[in-house]
Each structure stands twice: as C-alpha cells, then as structure tokens.
Amino acid sequence: MDVLIIGAGGAGSVVAQKCAKNRDIFRHIHLASRTLSKCQRIQQRCQSEITISQLDADCVADTITLIEEIQPQLVINVALPYQDLAIMDACLATGVNYMDTANYEPRDVAKFEYSWQWAYQERFQAKGIQAILGCGFDPGVTNVFCAYAQKHLFDEIHAIDIVDCNAGDHGQAFATNFNPEINIREITQRGRYWEAGEWKEVEPLSVSRIVDYPEVGLRKSYLLYHEELESLVQHIRGLKRIRFWMTFGDEYIQHLQVLQNVGMTRIEPVEHQGMKIVPLEFLKTLLPEPSSLAETYTGKTSIGCIIEGQQDGQSKRVMLYNVCDHAHCHQEVGGQAISYTTGVPAVAGAILMARGQWQGQGVFNVEELDPDPFLAELSKQGLPWHIKDLQEGNLDSVA
Ligand code: NDP
C-alpha cells in the first residue's frame with residue numbers, strides 16, 4: 001500500500017516512523033504538513049526512506065493535487081480536527097480511502113460530534129471508498145475494546161466506563177499532552193454522559209471518582225464528554241449507561257481555572273490593539289509543543305474500559321486496558337506516550353486495510369469493524385492489551 005500521512009505533530013511522527021518500520025506493508029510513505037521543517041525532522045528519524053512536502057490541508061485543491069501526484073491508497077489524517085472535512089473532500093474527489101483519529105471540529109464552536117462526518121456516508125459508499133473515523137486510542141482502541149467485549153465476553157453489555165489516566169510527569173508547570181487548543185476545548189466544555197436512553201449534562205469537571213488504574217493505582221478522575229460515547233451508544237446493543245473519565249492533577253486544574261477566569265481559554269476572537277485574536281490560539285503559542293515534552297517525560301498512561309453486563313445468565317465486570325510507558329516511547333520513537341498511543345492504533349488499522357481485513361464502503365467508526373485482527377496487530381505494533389476480572393466497586397464515589 002502507498003500511504004499519504006497529513007500532519008507532522010506528535011501523532012504524525014509516530015505514524016510515519018511506524019509505517020517506515022512496516023515496509024512489507026507500506027511501499028511509498030509520504031508525509032505532508034503545514035510546516036516543512038517538522039516533516040524534515042520526522043523524515044530524519046524514520047528508519048527507511050519517506051518523502052515529504054509542505055501542505056495546507058485546509059485547501060482542498062492543494063490536497064487533491066498532492067494525492068494525484070502521490071497516488072496513495074490511503075490518506076491518514078493526523079493533522080487537526082479542523083482539517084477532517086477538507087481532507088475527506090479531497091479523498092472523495094480522488095477516490096482514496098481515509099482515516100483519522102479525531103472527529104471534525106468547527107473552529108468557532110466546540111462540539112465533539114460526528115454529525116458532519118457521518119453525513120459523508122452515502123458519498124463514500126457511492127464512490128466505493130472507506131473512511132475510518134477515530135482510529136487512535138480514545139477514540140479508537142477503547143471503541144475496539146467495547147466491540148471485543150460485545151463479540152466475545154458478554155451476552156448483554158449494561159454499562160461502560162472508559163477510564164483514561166496519564167500518570168506521567170513532564171516537569172512543566174502546565175502543558176497539554178496533545179494539541180492544546182483541542183485538549184482545552186475538550187476539558188472546558190460541559191460534562192455529558194448517556195444513561196437510560198438519554199444524554200445527561202453536568203458542569204465542567206464537577207463530578208469526580210477515584211478509579212483504580214492497572215500499574216498506576218488510585219487516581220481522581222473527572223467525568224468528561226468524549227466523542228466515542230456518541231458512536232458507542234449506537235453500536236453497543238442493550239447499553240444502559242456509558243461515561244468517560246479522565247485524570248487531572250490538582251495543579252493542572254488550578255492552572256486551567258485561572259486561565260478560564262481571565263478569559264484565556266475563549267475561542268471567540270477578541271480585539272487586541274486593532275487586531276482580532278483568539279485567546280485560546282494565543283495560549284497555544286505560549287504553551288510547550290506536546291511533542292517537546294517527550295524528552296523528560298516519566299511515568300505511564302493506563303487507559304481502558306470497565307464493562308459490566310451478563311454472560312450465560314451471570315453478572316460480570318471486566319476491564320480491558322493498555323499501559324504505556326512515556327520513557328519507552330521516547331526511546332523508540334522520540335515521542336511521548338499520548339502521541340504513541342494515538343499513532344500506533346492508526347498504523348494497526350492501516351495495516352488491516354492494506355491486508356483487506358478491514359474492508360467496506362462508506363464511513364465507519366472502528367467498533368463496526370472486526371476487533372480481533374486489530375487487537376492482534378496492536379500488540380504486535382507495540383501496544384499490548386489485557387483483560388482482567390473486576391470486583392464491584394472499582395469506581396468509588398469521593399466526597
Ligand atoms: P499536534 O498539534 O502535535 O500536530 C498537528 C499537526 O498538524 C502539526 O504538525 C500541524 O502543523 C499540522 N497541521 C495543522 N493544521 C494543518 C493544516 N491546515 N494543513 C496541514 N497540516 C496541518 O497534534 P497531535 O499530533 O497531538 O494530534 C494530531 C491529531 O490526533 C489531532 O487531531 C488530535 O485531536 C488527535 N488525537 C487523537 C487522540 C486519540 O486517542 N484518538 C489522542 C491525541 C490526539 P504545524 O506544526 O505547522 O502547526
């Protein structure tokens with residue numbers, strides 16, 4: 001397969017390097033991004049030759065021209081969620097398969113919903129091409145864990161808690177592990193979860209629980225809305241409740257509250273000395289690049305799904321999870337674990353597409369595809385996963 005990777009950030013670096021390690025699958029690898037120097041740095045890290053170019057993927061015509069030149073069978077979009085629709089348009093125009101790791105986001109309002117991308121279903125079907133949405137870790141591996149549980153571990157799934165812990169330490173007072181704009185938009189929106197057939201909302205970061213994370217231990221975790229909830233509600237049968245939890249340190253929350261209080265996380269433009277600036281975009285300029293955190297990062301991520309339901313008439317509670325070590329990732333690819341856990345699943349999915357194990361026409365969320373070959377490939381590509389039986393009470397309430 002020939003592949004075009006768009007986006008030379010933390011995740012793009014991992015995708016390019018992992019593709020370059022799987023030369024039996026990926027023949028021609030081309031990396032394009034807005035800043036050429038970032039592509040050059042990644043090109044130097046790759047163990048085999050890749051080609052690069054500058055591209056502004058907001059410009060559909062430029063992306064079409066590049067696709068026509070490279071003639072890939074797959075475009076992996078690891079730029080920002082703002083580019084999703086423009087890149088999908090370019091794939092439609094050229095008849096090339098598409099994959100991303102995050103849902104489309106309009107610039108002016110935080111939504112985290114799939115409606116815009118699901119609207120491409122008929123056009124992708126008519127063109128005979130496949131779009132795979134959200135093939136990172138969460139969304140991505142977490143969706144596949146749910147699909148695996150539905151296929152092999154349960155007759156009925158009643159409740160899912162997706163639990164995401166980054167127990168790493170990068171030594172900075174405040175930094176985000178992936179693109180700051182997207183990360184801060186995600187955290188500052190109202191929390192939302194699905195229960196008894198309807199969405200319920202809570203104030204941002206107002207609900208927390210202590211979760212026992214494998215290889216990490218007990219951590220305070222906050223209820224957030226996360227995009228995979230929307231597709232899992234549709235694809236996991238009989239679901240009564242699904243929630244998403246993420247850990248944040250007290251210092252991180254304190255910084256965020258101050259930034260919010262002074263208006264630095266706003267996404268509407270403000271007038272500044274005769275210029276319009278978006279405070280959150282300016283904040284991104286000041287914060288460390290997520291990829292720059294890797295060098296000093298220690299500790300682990302521990303992310304998984306706690307799933308409750310019934311099998312053979314018996315109640316059951318299991319956790320499917322992966323633990324990933326920041327320092328190991330840095331040693332292997334020069335990146336931190338958040339970039340690694342995003343990039344590796346995308347490459348595992350791309351390998352399945354190349355082998356014809358993930359096939360289809362139209363727009364798919366990953367839980368609609370066969371989880372078995374994906375989870376086998378994920379372990380092979382560096383993210384081993386585990387299942388453990390749980391007792392009641394792993395999500396204990398805190399005052
Ligand atoms: P980064 O900010 O590190 O990288 C994004 C890259 O995209 C940068 O190189 C940037 O270029 C490039 N880019 C931005 N705009 C354009 C454009 N118009 N045309 C071409 N290239 C562009 O982000 P990450 O690598 O951390 O994240 C990449 C994606 O992965 C994001 O969509 C993020 O939401 C998603 N993600 C998914 C996760 C999951 O588990 N599913 C977890 C973490 C991230 P420049 O350097 O010039 O700004």
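In each ligand, atom 1 is the first atom listed, and ligand 1 is the first ligand listed.
No donor-acceptor contact under 3.5 angstrom links the side chains of Trp116 and Asp84, judged on distance only.
Rounded to the nearest 0.5 angstrom, Thr142 OG1 and Glu367 CD are separated by 8.5 Å. Atom CG of Leu223 and atom CE of Met246 lie 11.5 Å apart (nearest 0.5 Å).
Under the side-chain hydrogen bond (donor to acceptor under 3.5 Å, both in side chains) rule, Glu105 has a single partner from Lys111, Arg185, Gln83, which is Arg185.
The aromatic ring centres of Tyr252 and Phe174 sit less than 6.0 Å apart. A ring-centre distance under 6.0 Å is not found for Trp358 and Phe364.
Residues lining ligand 1 at a heavy-atom distance below 4.0 Å are given as Gly7, Ala8, Gly9, Gly10, Ala11, Ser33, Arg34, Thr35, Lys38, Leu55, Asp56, Ala57, Asp58, Val78, Ala79, Leu80, Pro81, Gln83, Thr101, Ala102, Gly136, Phe137, Asp138, Pro139, Phe178, Asn179, Ile182, Thr342, ordered by chain and residue number.
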